[in-house]
Visitor: 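Mind looking over this structure? Questions follow.
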Amino acid sequence: MSSSLVTDLVNLDLSESTDKIIAEYIWVGGTGMDVRSKARTLSGPFDDPSKLPKWNFDGSSTGQATGDDSEVILHPQAIFRDPFRKGKNILVMCDCYVPNGEPIPTNNRYNAAKIFSHPDVKAEEPWYGIEQEYTLLQKHINWPLGWPLGGYPGPQGPYYCAAGADKSYGRDIVDAHYKACLFAGINISGINAEVMPGQWEFQIGPVVGVSAGDHVWVARYILERITEMAGVVVSFDPKPIPGDWNGAGAHTNYSTKSMRSNGGYEVIKKAIKKLGMRHREHIAAYGDGNERRLTGRHETADINNFVWGVANRGASVRVGRDTEKDGKGYFEDRRPASNMDPYLVTAMIAETTILWEPSHGHSNGK
């Protein structure tokens, strides 16, 4: 079958022949970093996730259930337009439950939604901006795009935000992803080439509350699909290449209503103090393999130390010059790794800074 014929069929516009749509149900798999999905036909357009039918999958095949009791139920939580099938077809971000309605242990969205629906958190309208770094790898050898086979490119310096065939690798993938996310209705706010060649970043935000996690996960899913078509592998490993090369993070920018209002800088300083007191708990939830990235070099703070500063990229938490000058604004938690779960990280930052109160005599949280 000729490839152009396949392309024609893939691009078929269904709206003229049927009112049925295709819904791609997406969920996070058992490793906490694998995005899974499957599709079903539904009648009529949808814009409210609660109107979509629940579905199920074989959890024993994703490491989320045992073979003798393998059914996991998908609850639709957010709808995006499908940039691959276009038309009225949709992508549906779901979370996972056992048949009796309890969330499965790896369902971090459920706990995040609980924290974000707390009245004290809701009143503060927490905004997030997440900088998702990733590395593009050549498919069969797991070596970064544009790097010589079994060898290394010239040292870091020329590649960050660069243009040119000798400095920039994979821009077509990055741009396709950018437009696909905008089409889908994801609040993607920008992209740039990173310090290590073959490494890129996209930013999601500002997004409020649990939606930040939905937007990041669907953006990751779209990136997996585009790299699949391009025959390239996307890695979210926090330190894909050991040695004198930058790691990959997911810097999380955060503000509350109080921080964005007059006198907000004092609120920010209090919040950062609390984050420092719970440093160990946060690090434990901020991504696997992060100790390979947070070394105190390559624009990171050492994983064992909590330091914050204004305009300091070697800090755990950075406050921008503008925020200091205006006396209000936001701060950036630079600790999360590129493979973090945004549901976990966003909810934990809100919980620590808004809900958690240090008990006297403890320096490291509850």
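Along the sequence shown, residues are numbered consecutively beginning with 1.
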Visitor: Hey, quick one: are I21 and L12 part of the same hydrophobic cluster, counting side-chain heavy atoms closer than 4.5 Å, chains of contacts allowed?
Guide: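 I21 does not cluster with L12.
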
Visitor: Are D214 and R109 close enough for a salt bridge, meaning some N to O gap below 4.0 Å?
Guide: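 Between R109 and D214 there is a salt bridge, with a charged N closer than 4.0 Å to a carboxylate O.
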
Visitor: Taking side chain as C-beta onward, heavy atoms only, is V35 less than 4.5 Å from W217?
Guide: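 They are in contact (side-chain heavy atoms under 4.5 Å apart), so the answer is yes.
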
Visitor: Looking at D48, I want to see if its CG is surrounded by more than 12 non-hydrogen atoms of other residues, nucleotides or ligands under 6.0 Å.
Guide: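 Yes, the 6.0 Å shell around CG holds more than 12 heavy atoms from other groups.
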
Visitor: Check for me, please, whether V317 and I354 land in the same ILVMFWY cluster - side-chain distances under 4.5 Å, paths through other members count.
Guide: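 Yes, because V317 and I354 connect within a single hydrophobic cluster, where side-chain heavy atoms sit under 4.5 Å apart.
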
Visitor: Using side-chain heavy atoms (C-beta onward) and a distance below 4.5 Å, is H118 in contact with I115?
Guide: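 No; the side chains remain at least 4.5 Å from each other.
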
Visitor: Answer yes or no for R278 and W356: cation-pi contact, defined as NZ/CZ to six-membered ring centre under 6.0 Å and angle to ring axis within 45°.
Guide: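 Positive - R278 is close enough to the ring of W356 and near enough to its axis.
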
Visitor: Quick check for you: to the nearest 0.5 Å, what is the distance between E131 atom CD and I191 atom CD1?
Guide: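 So the gap between those two atoms works out to 13.5 Å.
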
Visitor: Write down the atom of K51, the atom of F46, and the distance for their closest heavy-atom approach.
Guide: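 For K51 versus F46, the nearest heavy atoms are O-CE2, 3.7 Å.
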
Visitor: Indicate whether any N or O donor in one side chain lies under 3.5 Å from an N or O acceptor in the other, for Y343 and D95.
Guide: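 The criterion, which ignores hydrogens and geometry beyond distance, is not satisfied for D95 and Y343.
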
Visitor: Just by modelled atom types, is the V207 backbone N or O under 3.5 Å from a matching donor or acceptor in the S211 side chain?
Guide: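 No, because the side chain of S211 does not come within donor-acceptor range (under 3.5 Å) of the backbone of V207.
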
Visitor: Does this structure show an ion pair linking R297 with D302, if we count only N-O contacts that are shorter than 4.0 Å?
Guide: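 No, this pair does not count.
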
Visitor: Could you tell me whether D237 and K239 have a side-chain N and a carboxylate O separated by less than 4.0 Å?
Guide: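 Result for this pair is no, no salt bridge flagged.
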
Visitor: If you count heavy atoms of other groups shown closer than 6.0 angstrom to NZ of K257, is the number above 12?
Guide: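 12 or below, so no.
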
Visitor: Restricting to non-hydrogen atoms, name the atom on V72 and the atom on A65 that form the minimum distance, rounded to 0.1 Å.
Guide: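 Looking at all heavy atoms of both residues, the shortest contact is CG2-CB, 4.0 Å.
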
Visitor: Considering only heavy atoms from C-beta outward, does the side chain of P144 approach that of Y169 to under 4.5 Å?
Guide: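 Answer no - side chains too far apart.
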
Visitor: Around Y160, counting heavy atoms of other residues, nucleotides and ligands shown, do more than 12 lie under 6.0 Å from its OH?
Guide: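 Incorrect, the count does not exceed 12.
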
Visitor: Do K328 and D326 sit within salt-bridge range, that is, some charged N less than 4.0 Å from a carboxylate O?
Guide: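 No.
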
Visitor: Please name the pair of heavy atoms, one in N305 and one in S316, separated by the smallest distance, quoted to 0.1 Å.
Guide: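 Shortest heavy-atom contact: O-OG, 3.3 Å.
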
Visitor: Assess whether atom OH of Y110 is packed by more than 12 heavy atoms of other residues, nucleotides or ligands within 6.0 Å.
Guide: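 Atom OH in Y110 is not packed in, count stays at 12 or less.
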
Visitor: Check for me whether R260 meets the cation-pi criterion with Y330, that is, NZ or CZ under 6.0 Å from the six-membered ring centre and within 45 degrees of the ring axis.
Guide: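 Geometry flag: not set, cation outside 6.0 Å or 45°.
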
Visitor: To the nearest 0.5 Å, how far apart are CG in L91 and CE in M93?
Guide: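 Those atoms lie 10.5 Å apart.
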
Visitor: Heavy-atom distance under 4.5 Å between the side chains of N339 and P238, does that happen here?
Guide: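 SC-SC contact between N339 and P238 confirmed.
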
Visitor: Check whether I188 and I26 end up in the same hydrophobic cluster, where Ile, Leu, Val, Met, Phe, Trp and Tyr are linked by side-chain heavy atoms less than 4.5 Å apart.
Guide: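 I188 clusters together with I26.
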
Visitor: Looking just at side-chain N and O atoms, do Y159 and S168 make a donor-acceptor pair shorter than 3.5 Å?
Guide: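 Per modelled atom types, Y159 and S168 side chains form no pair under 3.5 Å.
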
Visitor: Regarding E124 and S258, is there a side-chain donor-to-acceptor distance under 3.5 Å anywhere?
Guide: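 Indeed, the side chains of E124 and S258 share at least one donor-acceptor pair under 3.5 Å.
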
Visitor: Does F183 have R81 sitting over its ring (NZ/CZ under 6.0 Å from centre, angle to axis within 45°)?
Guide: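 Because its charged atom sits under 6.0 Å from the ring centre and within 45° of the axis, R81 does stack over F183.
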
Visitor: Are Y178 and F202 close enough that their ring centers fall under 6.0 Å?
Guide: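 Here the rings of F202 and Y178 have centres that are no less than 6.0 Å from each other.
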
Visitor: If you take all heavy atoms of A250 and I130, which pair is closest and at what distance?
Guide: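 Taking every non-hydrogen atom into account, CB-CG2, 4.4 Å.
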
Visitor: Report the residue from Q203, R220, E201 that forms a side-chain contact (heavy atoms from CB on, under 4.5 Å) with Q132.
Guide: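 In the set Q203, R220, E201, the residue that makes a side-chain contact (heavy atoms from CB on, under 4.5 Å) with Q132 is R220.
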
Visitor: Will you find, in the side chains of T66 and D69, an N or O donor that is under 3.5 Å from an N or O acceptor?
Guide: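 No, no side-chain donor-acceptor pair sits under 3.5 Å.
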
Visitor: From S235 OG over to L145 CG, what is the distance, rounded to the nearest 0.5 angstrom?
Guide: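 It is 12.5 Å, given to the nearest 0.5 Å.
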
Visitor: Could you tell me whether the side chain of K20 reaches within less than 4.5 Å of the side chain of L14, counting heavy atoms only?
Guide: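 No, side chains not in contact.
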
Visitor: Check for me whether K114 meets the cation-pi criterion with F116, that is, NZ or CZ under 6.0 Å from the six-membered ring centre and within 45 degrees of the ring axis.
Guide: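 No.
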
Visitor: How about K179: does its NZ atom have over 12 heavy atoms from other parts shown lying under 6.0 Å from it?
Guide: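 Open.
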
Visitor: So, taking the atom named CZ in R280 and the one named CD1 in I303, what distance separates them when rounded to the nearest 0.5 Å?
Guide: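 R280 CZ to I303 CD1: 11.5 Å, rounded to 0.5 Å.
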
Visitor: Would L275 and F306 satisfy side chain to side chain contact (heavy atoms under 4.5 Å, CB included), going step by step from the backbone distance to the final call?
Guide: CA-CA 9 Å; L275 286 172; F306 182 88; 4.1 Å; yes

Visitor: Consider only side-chain N and O atoms of E24 and S37, and report whether a donor and an acceptor are under 3.5 Å apart.
Guide: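 The answer is yes; a qualifying pair exists.
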
Visitor: Say whether, by atom type as modelled, one donor and one acceptor occur between the side chain of S70 and the main chain of D58 under 3.5 angstrom.
Guide: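 Such a contact is absent between S70 side chain and D58 backbone.
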
Visitor: Could you check whether Q156 and N246, counting side-chain N and O atoms only, form a donor-acceptor pair closer than 3.5 Å?
Guide: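 Per modelled atom types, N246 and Q156 side chains form a pair under 3.5 Å.
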
Visitor: For K274, is the NZ atom crowded, meaning more than 12 foreign heavy atoms sit under 6.0 Å from it?
Guide: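 Enclosed.
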
Visitor: Would K273 pass as a cation-pi partner of W308, given that its NZ or CZ must be under 6.0 Å from the six-membered ring centre and within 45 degrees of the axis?
Guide: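 No, cation not above the ring by the 6.0 Å, 45° rule.
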
Visitor: For the pair W55 and Y25, name the ring-plane relationship: parallel under 30°, tilted 30 to 60°, perpendicular over 60°.
Guide: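 Perpendicular, since the angle between the ring planes exceeds 60°.
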
Visitor: Yes or no on side chain to side chain donor-acceptor pair (under 3.5 Å) for H282 and D333, after CA distance, side-chain angles and deciding distance?
Guide: CA-CA 10 Å; H282 278 257; D333 191 339; 4.8 Å; no

Visitor: Atom CG of L136 and atom CH2 of W200: how far apart are they, to the nearest 0.5 Å?
Guide: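 It comes to 8.0 Å.
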
Visitor: Out of the candidates I241, I141, L137, only one should pair with W147 under the side-chain contact (heavy atoms from CB on, under 4.5 Å) rule; please name it.
Guide: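 Filter result, single survivor: I241.
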
Visitor: Are Y134 and I204 co-members of a hydrophobic cluster defined by side-chain heavy atoms under 4.5 Å apart?
Guide: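 Yes, I204 connects to Y134 through the hydrophobic network.
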
Visitor: State, to 0.1 Å, how close V319 and I272 come at their nearest heavy-atom pair, and which atoms those are.
Guide: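 So the minimum-distance heavy-atom pair works out to CG2-CD1, 3.7 Å.
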
Visitor: Under a 3.5 Å threshold, yes or no: a donor from one side chain and an acceptor from the other, between N304 and H279?
Guide: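 No pair is found: no donor N or O on one side chain lies under 3.5 Å from an acceptor on the other.
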
Visitor: Quick one: does P45's side chain get under 4.5 Å of K88's, heavy atoms only?
Guide: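 Sidechains of K88 and P45: in contact.
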
Visitor: Kindly check if the number of other-residue, nucleotide or ligand heavy atoms within 6.0 Å of CG (D288) is above 12?
Guide: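 For D288, atom CG is not crowded (no more than 12 foreign heavy atoms under 6.0 Å).
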
Visitor: Can you tell me how far the CG atom of L355 sits from the CE atom of M348, to the nearest 0.5 Å?
Guide: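 The CE atom of M348 is 12.5 Å from CG of L355, to the nearest 0.5 Å.
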
Visitor: Side chains of N11 and T7: closer than 4.5 Å at any heavy-atom pair?
Guide: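 Counting from C-beta outward, N11 and T7 do come under 4.5 Å.
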
Visitor: Can W27 be reached from Y97 by stepping across I, L, V, M, F, W or Y side chains whose heavy atoms are under 4.5 Å apart?
Guide: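 No, because Y97 and W27 fall into different hydrophobic clusters, even though each may have its own neighbours under 4.5 Å.
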
Visitor: Does N111 reach the main-chain N or O of N108 with its side chain, forming a donor-acceptor pair under 3.5 Å?
Guide: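 No, because the side chain of N111 does not come within donor-acceptor range (under 3.5 Å) of the backbone of N108.
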
Visitor: Of all heavy-atom pairs between A271 and T353, which one has the smallest distance, and what is that distance?
Guide: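 Answer, listing the atom of A271 first, then T353: CB-CG2, 3.7 Å.
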
Visitor: Could R36 and F57 be counted as a cation-pi pair, given that NZ or CZ must be under 6.0 Å from the ring centre and within 45° of the axis?
Guide: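 The answer is no; the distance or angle limit is not met.
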
